[in-house]
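Nothing fancy with the numbering, it's 1 onward along the sequence. When reading the values below, keep in mind they use all heavy atoms of this one structure, side chains included, and skip hydrogens, waters and symmetry mates.
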Amino acid sequence: MRVETIGNATLYLGDCMEVLPTLGKVDAVITDPPYGMSWDTNSKRFSGNDGARKRGRGREDWGAILQDAQPFDPSPWLAFPKVIVWGANHYAQRLPVGTTLVWLKKDDHLFGTFLSDAEVGWQKGGHGVYAFRRSFSPPSRIAENDGMQAAHPTQKPIALMAWCIERLGTPSPILDPYMGSGTTGIAAMQHGCRFIGIEREPKYFDIAVRRIEQAHAQGQLFEPTQAAPVQLGLEVA
């Protein structure tokens, strides 16, 4: 097992279920796990009959997402004090009642085009429904300000994971057992939170190390804040 320490972040290359028993106290789990949908990551399949691509440049070389071919079991993570997991609609029957989070991925005029308009997350505790939306310029909404294409087929925006951290009251340390390319870790670095990330694919682990090193070099961007009181209804950020 490979371990990298970058500032307040500790990153593990390995299976999260094997690493979990070795960890100390964890205040929160924020993660985007494999949903169990055997998702086809070839975005070039969204092309018209004339061959003109309709979804940016597209990618056909992502390959399969590990562990995505079997149903996801969230139970190992539910006992932690604070939890947010994305893709909750794919395994809702395995989750207790909690707060529903909605990431609105598109501007209104793009609703109903292709792929989902939104993604659904589950937050431990509460009963409300809260939404997040922030527009990003094309061609890549999830690359944000670094001018690069996404580094992972299911990569989330840094701003979305930062919103999750703020919803949980800026906990520390934060665990992401399915770290991918390290977006949760970047958001944790920006908020001055300790971070523990686990990823089993070496190529994505290396990307996460590089991205979190860059975030560490940039330093903390936000002062720690307390979460606002939870209110029922729809919240759009």
Side-chain angles (χ1 to χ4, degrees), residues 2-14 16 19-33 74 76-88 98-99 101 103 119 121-126 130 132 134 142-146 151-152 154-200 204-230 235 237:
R2 178 179 159 197
V3 182
E4 297 280 350
T5 301
I6 306 166
N8 287 335
T10 304
L11 312 182
Y12 295 86
L13 173 61
C16 59
V19 176
L20 182 60
T22 71
L23 301 179
K25 180 177 179 291
V26 172
D27 282 356
V29 172
I30 301 175
T31 193
D32 182 38
W77 319 111
L78 301 185
F80 285 87
K82 300 178 179 182
V83 183
I84 290 177
V85 289
W86 285 94
T99 297
L101 306 180
W103 169 34
E119 292 194 25
W122 175 88
Q123 178 180 335
K124 184 175 181 177
Y130 299 88
F132 174 89
R134 181 167 301 174
I142 54 181
E144 298 180 276
N145 296 323
D146 61 9
H152 189 280
T154 63
Q155 184 174 323
K156 296 295 183 287
I158 298 169
L160 176 67
M161 307 317 281
W163 179 66
C164 293
I165 290 172
E166 292 161 6
R167 282 199 57 82
L168 297 185
T170 322
S172 184
I174 297 166
L175 169 65
D176 186 346
Y178 304 95
M179 175 174 63
S181 58
T183 302
T184 307
I186 295 171
M189 281 277 184
Q190 292 178 348
H191 284 75
C193 303
R194 289 177 55 211
F195 176 71
I196 302 168
I198 309 171
E199 173 55 41
R200 64 182 298 175
Y204 294 127
F205 181 84
D206 290 340
I207 292 170
V209 168
R210 183 176 70 248
R211 295 180 76 215
I212 291 172
E213 284 177 339
Q214 292 172 347
H216 176 60
Q218 292 173 355
Q220 181 177 337
L221 299 182
F222 305 102
E223 292 296 327
T225 58
Q226 296 298 315
V230 175
E235 170 189 294

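Closest heavy-atom contact between Glu199 and Phe205: CG-N, 3.8 Å. When all heavy atoms of Leu168 and Gln123 are compared, the closest pair comes out as CD2-NE2, 3.6 Å. Contact record, Gly180 with Ala208: O-CB, 3.7 Å, taken as the closest heavy-atom pair. Here the closest non-hydrogen pair linking Ala159 and Arg134 is CB-NH1, 3.4 Å. Across all their heavy atoms, Thr10 and Tyr12 have their closest contact at CG2-CE1, 3.6 Å. Nearest heavy-atom pair across Asn8 and Gly192 is ND2-O, 4.4 Å.
Looking at Phe80 and Pro171, their side chains never come closer than 4.5 Å, going by heavy atoms from C-beta outward. Looking at heavy atoms from C-beta onward, Trp103 lies in side-chain contact with Pro157 at the 4.5 angstrom threshold.
Rounded to the nearest 0.5 Å, atoms CG (Leu11) and CZ (Arg2) are 9.0 Å apart. Atom CE of Met189 sits about 9.0 Å away from atom CD of Glu213, to the nearest 0.5 Å. Distance check: Ile198 CD1 to Leu20 CG gives 6.5 Å after rounding to the nearest 0.5 Å. Distance check, rounded to the nearest 0.5 Å: SG of Cys193 to CG of Asp27 gives 9.5 Å. Of the inter-residue distances, the one linking Ile174 atom CD1 with His191 atom NE2 reads 8.5 Å to the nearest 0.5 angstrom. Of the inter-residue distances, the one linking Phe195 atom CZ with Ile30 atom CD1 reads 9.0 Å to the nearest 0.5 angstrom.
Evaluation of the side chain to side chain contact (heavy atoms under 4.5 Å, CB included) rule for Pro76 yields Met17, Asp73 as partners, not counting sequence neighbours.
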For this session: Begin with the C-alpha distance, continue with both residues' side-chain angles, and end with the deciding distance and a verdict on side-chain contact (heavy atoms from CB on, under 4.5 Å) for Ile158 and Gln190.
Result: CA-CA 10 Å; Ile158 298 169; Gln190 292 178 348; 3.6 Å; yes

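At least one donor-acceptor pair under 3.5 Å links the side chain of Arg211 to the backbone N or O of Ser181.
With hydrogens and angles left out, the side-chain atoms of Thr31 and Asp176 include a donor and acceptor closer than 3.5 Å.
In summary, of the residues considered (Val85, Ile84, Leu101), a side chain to side chain contact (heavy atoms under 4.5 Å, CB included) with Trp122 occurs for Val85 alone.
Between Phe132 and Trp163, the two ring planes are tilted [angle within 30° to 60°].
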